[in-house]
Amino acid sequence: MARADELSFVPLGGVGEIGMNLSLYGLGKGRQRSWLAVDLGVSFGNEEHLPGIDVVMPDTRFIESEKKNLVGLVLTHAHEDHFGAIIDLWPRLQCPIFATKFSAALFEAKCASERNPPNIPVTVIESGGRVDIGPFNVEFVAVQHSIPESHALAIRTSEGLVLHTGDWKLDPTPLIGEPTNEKRLRELGDEGVLALIGDSTNAVREGRSPSEREVAHGLTEIIKDAKGRVAVTTFASNVSRMRAVAEAAREADREVVLIGRAMERVAQVARETGYLDGIAPFRSADLYGHFPPNKVLALCTGSQGEPRAALARIANDDHPEVTLNSGDTVIFSSRTIPGNEKSVGTIINGLVSQGIKVITDRTHMVHVSGHPRRDELRDMISWVRPQLLIPAHGEALHLSEHASLARSCGVPKVLICKNGDQVRLAPGEPAIIEQVPSGRLYKDGKILEDQNARAVVARRRLAFAGSAFVALALTEQGELADDPQVDLVGIPERNAAGELMDELIFDVAVATFDNLPRAKRRDSDAVGEAVRRAVRSAIAEQWGKKTVCVVHVLEV
């Protein structure tokens with residue numbers, strides 16, 4: 001192989017934030033550089049800041065422009081923030097995809113649940129296996145995380161070996177799968193690791209993440225002591241937690257009922273791939289009401305307060321098949337993702353006000369993170385002994401703390417970058433050498449919009465200050481053919497003095513028209529702009545907010 005001039009790393013998502021992961025590795029010369037993508041995930045919209053936007057994805061403009069040089073997409077694991085954008089964005093890239101069995105099976109099930117998904121082939125690689133993808137040789141190194149078959153990627157190139165950790169933790173007693181492969185990671189360190197691109201999510205937390213085995217014990221004790229119905233909510237993809245809940249229910253002589261399509265989909269794939277062997281079949285939601293309260297456990301989606309998920313509907317008492325009453329117990333076997341605190345709090349408060357006992361990880365061992373704390377990060381660094389460490393998968397504070405820890409561990413070079421930075425890994429001194437186009441795409445219904453799209457920006461304004469619509473009909477002589485029509489949406493009905501706002505705006509529209517010079521009254525554009533400015537100013541004066549104002553002028 002001819003020696004390549006440059007090996008580079010370009011994050012387009014997941015650096016400086018948690019979620020929406022997309023990393024690129026480039027190898028070659030100039031426009032002939034080959035690109036390997038790692039993960040293609042989503043983050044989730046916030047109704048307060050992004051009304052109507054459910055899903056946020058990385059902007060792929062840069063790699064689309066390099067599409068002919070994109071040799072493949074490799075998945076570290078099957079969490080939504082690592083593979084949730086593939087169905088929407090793969091048609092723009094159309095590259096081969098490589099994943100292990102569970103990730104491929106869950107992706108296939110996800111596609112099957114969509115209406116008219118694109119045909120996206122996935123090449124299945126064995127855990128621990130290696131595959132040549134263009135000039136890259138990629139090895140799947142097993143690590144523990146909160147979903148089966150999570151892998152770090154050992155990416156071998158002519159310029160050196162890069163270890164992309166993906167999401168991981170050290171759990172000596174996992175419920176599913178083997179512990180993180182320390183032996184193989186030490187061997188990679190002996191081989192020589194040019195760069196470690198590492199998970200920073202828990203870099204602010206000292207010590208070690210507790211084991212899933214401790215959660216299983218905690219859940220068993222709580223569920224055995226519960227008197228009425230029990231509902232447990234967790235991430236649908238957490239098969240270890242699913243198994244722990246099922247085993248706890250068996251100890252308490254309760255039947256597990258799955259509530260939520262995502263939970264059903266993951267459970268089906270977990271059974272097909274052997275991760276629920278020995279666990280009794282789960283019951284469907286329509287059987288929930290057939291069991292006595294002390295003999296049933298509902299395993300639900302909705303741990304992040306999603307308004308359309310099962311738990312929110314149960315809390316609002318509008319689920320068609322599942323109800324909870326005073327004296328029942330709800331266990332949040334999860335940690336709230338930053339940004340979801342308000343929606344989760346609303347559900348918890350609603351449940352508590354109904355007399356339902358709510359248990360969270362603030363008071364009980366019902367959840368552990370799937371990410372490494374500082375002692376685990378130290379272990380990884382000591383095993384791998386990288387020449388360079390780049391913190392990833394975290395917000396600015398997490399990246400900074402991971403970088404400081406790496407320096408204290410003696411890592412020779414540490415570099416913090418952000419989405420859109422092109423980082424030269426080799427040859428020579430590592431450095432940020434360029435910025436490439438980056439940003440966000442919003443899934444708006446069935447449409448993908450740029451983050452600066454007019455509809456997205458306007459919707460934020462509409463959510464904050466409503467809208468005013470005024471329609472005027474003009475004759476050829478420049479007179480009003482009829483009274484203006486005024487429609488106010490999301491604007492208070494009355495001002496502080498108790499006067500009707502629509503009547504005030506009607507008067508402003510008429511007065512503005514009457515005060516225009518006669519020549520301008522025959523100019524529909526001039527009339528529309530004058531009335532728009534006057535109405536917007538009047539609403540601001542009466543209400544204190546600048547609304548969106550639309551004026552239609554009809555010539556009759």
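Computed from a prediction, not measured in an experiment: that's the story for all the values here.
- For H393 and H82, the ring centers sit closer than 6.0 Å to each other.
- Heavy atoms of other residues, nucleotides or ligands lying less than 6.0 angstrom from NZ of K227 number 12 at most.
- Contact between A285 and V257 at its shortest, heavy atoms only, is CA-CG1, 3.6 Å.
- Counting heavy atoms from C-beta on, the side chains of T180 and D171 never come closer than 4.5 Å.
- Using modelled atom types and a 3.5 Å distance limit, the side chains of S211 and T173 yield a donor-acceptor pair.
- There is no side-chain donor-acceptor pair under 3.5 Å between N238 and S146.
- No donor-acceptor pair closer than 3.5 Å links the side chain of S400 to the backbone N or O of A396.
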**Request:** With side-chain contact (heavy atoms from CB on, under 4.5 Å) as the test, would you mind laying out the steps for I347 and L311 before giving the verdict?
**Result:** CA-CA 8 Å; I347 289 177; L311 186 62; 4.1 Å; yes
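- Between the S209 side chain and the H371 main chain, a donor and an acceptor come within less than 3.5 Å of each other.
- Judged by distance alone, the side chain of Y288 and the main-chain N or O of T323 form a donor-acceptor pair under 3.5 Å.
- E251 and T220 form no side-chain donor-acceptor contact under 3.5 Å, judged by distance and modelled atom types alone.
- Look at D361 and R335 and you find a salt bridge, because one of the NZ, NE, NH1 or NH2 atoms lies within 4.0 Å of a carboxylate O, short of that distance.
- With hydrogens and angles ignored, the 3.5 Å screen pairs no side-chain donor or acceptor of H217 with any backbone N or O of E214.
- Proximity of a side-chain donor or acceptor of S333 to a complementary backbone N or O of V366 within less than 3.5 Å is detected.
- Side-chain N or O atoms of S150 include one that pairs as donor or acceptor with a backbone N or O of I147 at under 3.5 Å.
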**Request:** Would you please test L297 and V232 for side-chain contact (heavy atoms from CB on, under 4.5 Å) and show each step?
**Result:** CA-CA 7 Å; L297 182 150; V232 180; 4.2 Å; yes
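- Using a 4.0 Å cut-off between a side-chain N of Lys or Arg and a carboxylate O of Asp or Glu, R373 and D375 do not qualify as a salt bridge.
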**Request:** Begin with the C-alpha distance, continue with both residues' side-chain angles, and end with the deciding distance and a verdict on salt bridge (charged side-chain N to carboxylate O under 4.0 Å, His left out) for E212 and R241.
**Result:** CA-CA 8 Å; E212 277 291 333; R241 202 67 49 82; 2.6 Å; yes
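- Environment of CD in E178: sparse, with no more than 12 heavy atoms of neighbouring residues, nucleotides or ligands closer than 6.0 Å.
- Here E17 does not pair with K418 in a salt bridge; the nearest charged N to carboxylate O distance is not below 4.0 Å.
- Note that NE2 of H77 and NE2 of H151 are 11.5 Å apart. Values are rounded to the nearest 0.5 Å.
- Between F332 and L351 there is a side-chain heavy-atom pair separated by less than 4.5 Å.
- Annotation: E108, atom CD; neighbour count of heavy atoms from other residues, nucleotides and ligands within 6.0 Å does not exceed 12.
- Annotation: side chain of N21 is not in contact with side chain of V15 (no heavy-atom distance under 4.5 Å).
- No side-chain donor from either of H402 and R374 sits under 3.5 Å from a side-chain acceptor of the other.
- Distance CG/L399 to SG/C417: 8.0 Å, rounded to 0.5 Å.
- Under the 6.0 Å cut-off for aromatic ring centres, F83 and W90 do not qualify, their centroids lying 6.0 Å or more apart.
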**Request:** With side-chain contact (heavy atoms from CB on, under 4.5 Å) as the test, would you mind laying out the steps for M57 and L89 before giving the verdict?
**Result:** CA-CA 9 Å; M57 305 179 192; L89 297 181; 4.0 Å; yes
**Request:** Check the pair K357 / D328 against salt bridge (charged side-chain N to carboxylate O under 4.0 Å, His left out), numbers first and verdict last.
**Result:** CA-CA 6 Å; K357 184 179 182 180; D328 292 341; over 6 Å; no
**Request:** In sequence, state the C-alpha distance, the side-chain angles, and the governing distance for N202 and S369, and then conclude on side chain to side chain donor-acceptor pair (under 3.5 Å).
**Result:** CA-CA 8 Å; N202 277 341; S369 174; 2.9 Å; yes
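- The shortest side-chain heavy-atom distance between T100 and E126 does not fall under the 4.5 Å cut-off.
- No donor-acceptor pair closer than 3.5 Å links the side chain of R250 to the backbone N or O of V245.
- Here E321 contributes atom CD and S284 contributes atom OG; the two are 7.5 Å apart, rounded to the nearest 0.5 Å.
- The line from NE2 of H79 to CG of L106 is 9.5 Å long, rounded to the nearest 0.5 Å.
- Looking at F291 and R254, their side chains never come closer than 4.5 Å, going by heavy atoms from C-beta outward.
- Distance alone, capped at 3.5 Å, is enough to place a donor-acceptor pair between the Q144 side chain and the I176 backbone.
- The neighbour count for E114 CD, taken as heavy atoms of other residues, nucleotides or ligands under 6.0 Å away, is above 12.
- Between E255 and K295, no side-chain nitrogen of the basic residue sits less than 4.0 Å from a carboxylate oxygen of the acidic one, so the salt-bridge criterion is not met.
- A donor and an acceptor atom, one from each side chain of E264 and Q268, are nowhere located under 3.5 Å apart.
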**Worked check of salt bridge (charged side-chain N to carboxylate O under 4.0 Å, His left out) between R205 and E401** = CA-CA 9 Å; R205 306 189 71 186; E401 289 296 318; over 6 Å; no
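- E139 CD to L153 CG: the interatomic distance, rounded to the nearest 0.5 Å, is 9.5 Å.
- With a 4.5 Å cut-off on side-chain heavy atoms, C300 and M263 do not count as touching.
- Taken to the nearest 0.5 Å, the CZ atom of F235 stands 4.0 Å off from the CD atom of Q304.
- Under the 4.5 Å side-chain criterion, counting only non-hydrogen atoms from C-beta, H367 is not in contact with V215.
- Relative ring orientation between Y25 and F9 is described as tilted, the plane-to-plane angle lying within the 30° to 60° band.
- The backbone N or O of P58 sits nowhere less than 3.5 Å from a side-chain atom of T60 that would complete a donor-acceptor pair.
- The neighbour count for K67 NZ, taken as heavy atoms of other residues, nucleotides or ligands under 6.0 Å away, is above 12.
- Ion pair D379/R208 flagged as a salt bridge, since at least one NZ, NE, NH1 or NH2 atom sits closer than 4.0 Å to an Asp/Glu carboxylate oxygen.
- Side-chain contact between D39 and L75 is present, with heavy atoms from C-beta onward closer than 4.5 Å.
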**Message:** Assess the residue pair T165 and V143 against the criterion (side-chain contact (heavy atoms from CB on, under 4.5 Å)); give the C-alpha distance rounded to whole Å, side-chain angles, the decisive distance to 0.1 Å, and a yes or no.
**Reply:** CA-CA 8 Å; T165 70; V143 296; over 6 Å; no
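- Remark: the backbone N or O of A392 is paired with a side-chain donor or acceptor of S200 at under 3.5 angstrom.
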